[in-house]
K.L.:
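Got a structure here, written out as structure tokens. Questions coming.
Atoms within each ligand, like the ligands themselves, are counted from 1 in listed order.
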Amino acid sequence: MYQEKILITGANGQLGRVLAAGLREKYGKEQVLATDIREPDFDNAPFEFLDILNKKRVTEIIKDHGITQIYHLAAILSASGEWDPKKTWNVNLNALLNILTIADEMDIKRFFFPSTIAVFGKTTPRVNTPQDCPLLPETVYGMSKTTGEFWCNYFNQRYKLDVRSVRYPGIIGHQSLPEGGTTDYAVEIFHAAIKGEKYECFLGPDTRLPMMYIEDAIRATIELMDGPSENISVRTSYNLAAMSFSPREIYEEIKQHYPDFQIDYKPDFRQQIAESWTESIDDSRAREDWNWNHRYDLKAMVADMIKHLRLKLN
Ligand code: AKB
């Protein structure tokens with residue numbers, strides 16, 4: 001009987017660990033191989049160390065485990081990417097090119113590439129950003145993801161590799177604290193509120209960005225990968241949206257649960273990155289092609305985050 005065998009790279013990150021759990025629920029624990037450069041701290045399911053720049057090891061793992069689908073999540077995010085731009089390019093783009101090439105050579109059935117709102121720049125329409133629009137990213141992370149989208153499209157057009165991708169907004173989840181991103185404040189703020197601490201926000205109060213609850217992000221990923229190939233009309237990356245809010249707006253919503261919660265705004269270098277992105281996204285192509293629909297708005301997301309984090313932190 002044919003069984004999918006799934007490889008996740010960068011599986012210890014904010015998305016990876018929740019995606020691995022979701023895919024294990026769907027395909028069975030042994031069918032999903034998590035890999036990362038860091039040891040996992042969360043479960044004892046199949047795991048291998050993998051430096052994504054080690055092409056030989058990537059090939060061996062795919063071969064040894066009989067991999068049929070790849071979710072290539074390994075990447076350095078927008079804020080930490082600026083500390084070492086060349087390393088970021090190497091990890092985010094050169095490693096992608098390697099694994100796309102291997103995927104094509106080894107007949108991988110489906111390949112997932114996570115893109116991001118960081119592909120947008122100051123020439124992109126800021127409100128209701130369309131699917132097809134000018135991309136002039138200002139971070140090396142955004143540059144690598146934009147170029148990555150073009151390579152994914154190229155591998156699909158030229159070699160018929162079934163590559164699928166979404167442009168994730170900032171992701172909010174209770175499972176872990178994200179590291180190195182510009183949207184990380186939207187998770188950190190919950191930890192401060194629940195611990196009874198004042199939160200110092202590294203973005204200004206009115207910086208609105210597209211955001212999504214992790215439950216929606218994981219469901220979107222699995223639904224996109226499940227859909228029939230002929231429905232997938234975008235092979236660069238789909239715009240994907242759920243909600244948009246500013247630090248002030250999420251603070252006000254959290255205050256409904258924690259009336260004494262306090263916040264200070266001390267914008268740092270991440271403010272400039274956030275300002276180069278857009279505010280809200282038109283994701284109608286995803287909604288038309290594979291019936292994407294978000295479930296969580298700001299209110300529902302805040303209530304669910306608090307419910308889960310209260311149990312975890314208290
Ligand atoms: C980041 O802030 O770098 C990421 C992203 C929006 O891709 N969360």
K.L.:
Which of the atoms of ligand 1 are close to Ile117, meaning less than 4.0 Å from one of its heavy atoms?
P.N.:
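Heavy-atom distances to Ile117 below 4.0 Å select 6 (C).
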K.L.:
Would you mind listing which atoms of ligand 1 come within a distance below 4.0 Å of any non-hydrogen atom of Gly181?
P.N.:
1 (C), 2 (O), 3 (O)
K.L.:
Can you name the atoms of ligand 1, numbered from 1 with element, that are less than 4.0 Å from a heavy atom of Thr182?
P.N.:
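Near Thr182, the atoms of ligand 1 are 1 (C), 2 (O), 3 (O).
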K.L.:
Between Lys26 and Asp226, is the salt bridge (charged side-chain N to carboxylate O under 4.0 Å, His left out) condition met? List the steps.
P.N.:
CA-CA 11 Å; Lys26 182 173 164 64; Asp226 270 357; 3.0 Å; yes
K.L.:
Ignoring hydrogens, what is the shortest heavy-atom contact between Pro137 and Leu135? Give both atom names and the distance.
P.N.:
CD-C, 3.5 Å
K.L.:
For Trp277, does its backbone N or O pair with a side-chain atom of Arg126 as donor and acceptor, under 3.5 Å?
P.N.:
yes
K.L.:
May I ask you to identify the nearest protein heavy atom to atom 8 (N) of ligand 1, giving residue, atom name and distance to one decimal place in Å?
P.N.:
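Protein heavy atom at minimum distance: Thr183 OG1, 2.9 Å.
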K.L.:
Please could you name the atoms of ligand 1 that Leu77 approaches to less than 4.0 Å, counting only its heavy atoms?
P.N.:
3 (O)
K.L.:
For the rings on Tyr238 and Trp292, is their centre-to-centre separation under 6.0 Å?
P.N.:
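Aromatic pair excluded; centres sit 6.0 Å or further apart.
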K.L.:
Please work out whether any backbone atom (N, CA, C, O) or any side-chain heavy atom from C-beta onward of Ser78 is under 4.0 Å from ligand 1, and answer side chain, backbone, both or neither.
P.N.:
both
K.L.:
Of all the non-hydrogen atoms in the protein, which one sits nearest to atom 6 (C) of ligand 1, and at what distance?
P.N.:
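Protein heavy atom with the smallest distance to atom 6 (C) of ligand 1: Thr116 OG1, 3.6 Å.
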K.L.:
Is any side-chain heavy atom of Arg110 closer than 4.5 Å to a side-chain heavy atom of Glu4?
P.N.:
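With C-beta onward as the side chain, the pair stays apart.
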K.L.:
Counting distance only, does the side-chain N/O of Gln131 pair as donor-acceptor with the main-chain N or O of Asn239 below 3.5 Å?
P.N.:
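Yes: the side chain of Gln131 pairs with the backbone of Asn239.
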